[in-house]
Amino acid sequence: MRADLLSVPGEPDRANEDFAALSPQGAALVLDGVTPPPDGQTGCVHTVTWFVQKLGPALLRRAERRDQSLADCLADAIAQTAAAHESTCDLSHRRTPQATVVALRWDDRQVEYLVLSDSVLLLDVNGAVTPILDGRLDEVTGRPDLRAIRYTRQYFDALESLRNADGGFYTAAADPEVAKRAVTGHLPRAEVRAAAAMSDGATRWTEVFGFGDWAELFTRIEDKGAVQVVDEVRAAETADPDRTAFPRGKSRDDASVVFLQF
Ligand SMILES: [Zn+2]
């Protein structure tokens, strides 16, 4: 088995709000903490980095034990993380710290996965690169009324109102019930040759800068490594600092890649 793991902040002087991990017990994670607006209240005294570094290890430990589904592991990890700050923070606040999740677990028999929100899992299944996506955020941002005001203040306000709300999209925040909304599944281990889990700071390679499709991104990571792919994203970000050629939320974003070849 071969593995490649990279997780780097968007700016060198800022804390990384992603979390990436690989366990020798056969589990891997990528979490992407959601950055609140700079002037926004969150109801929480903690940072997004604090949140992902609580939720990530809690989820990984449960996944390693193999006595629960990945969705149940996520539900319990959310509950444990909520309990760690419910006495100091207002966890009912819409902007309470929250994260996207990709989880992967494997043994000799099968590969299990879970995807919640806009982090991406690519699986090489019998030689074909297969994206495992939670499309709900894309559905929301693709709505004509939101496309028309993309990346304006009103756009971000509208997105906030659809966060963890019916008809909107879901992230791992303080409510364990959200784990039931995750995209989950499993495949025979013999059919899965390799896997790549990524935060959207890395999938910009495809989704924002258009260097290639999912299969080309997968091949690039496999052939050149995660560092090379994120370097290419960073170069494209640096070449378009005011986000005019390639409209995007943040100029530079935290980027994480976990690549596994079984
Ligand atoms: Zn808190």
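Indexing begins at 1, ligand by ligand and atom by atom, following the structure's order.
- Considering just the N/O/S atoms of H46, the one nearest the Zn ion (ligand 1) carries the name ND1.
- Side-chain atoms of R252 and T238 include a donor-acceptor pair closer than 3.5 Å.
- Taking each heavy atom of L55 and A172 in turn, the nearest pair found is CD2-CB, 3.9 Å.
- Between the side chains of T171 and N164, at least one donor-acceptor pair of N or O atoms lies under 3.5 Å.
- A donor-acceptor pair shorter than 3.5 Å can be found between the side chains of T100 and S119.
- Distances from the Zn ion (ligand 1) to the N/O/S atoms of H85 are shortest for ND1.
- Here the angle centred on the Zn ion (ligand 1), running from SG of C89 over to SG of C44, is 110°, rounded to 10°.
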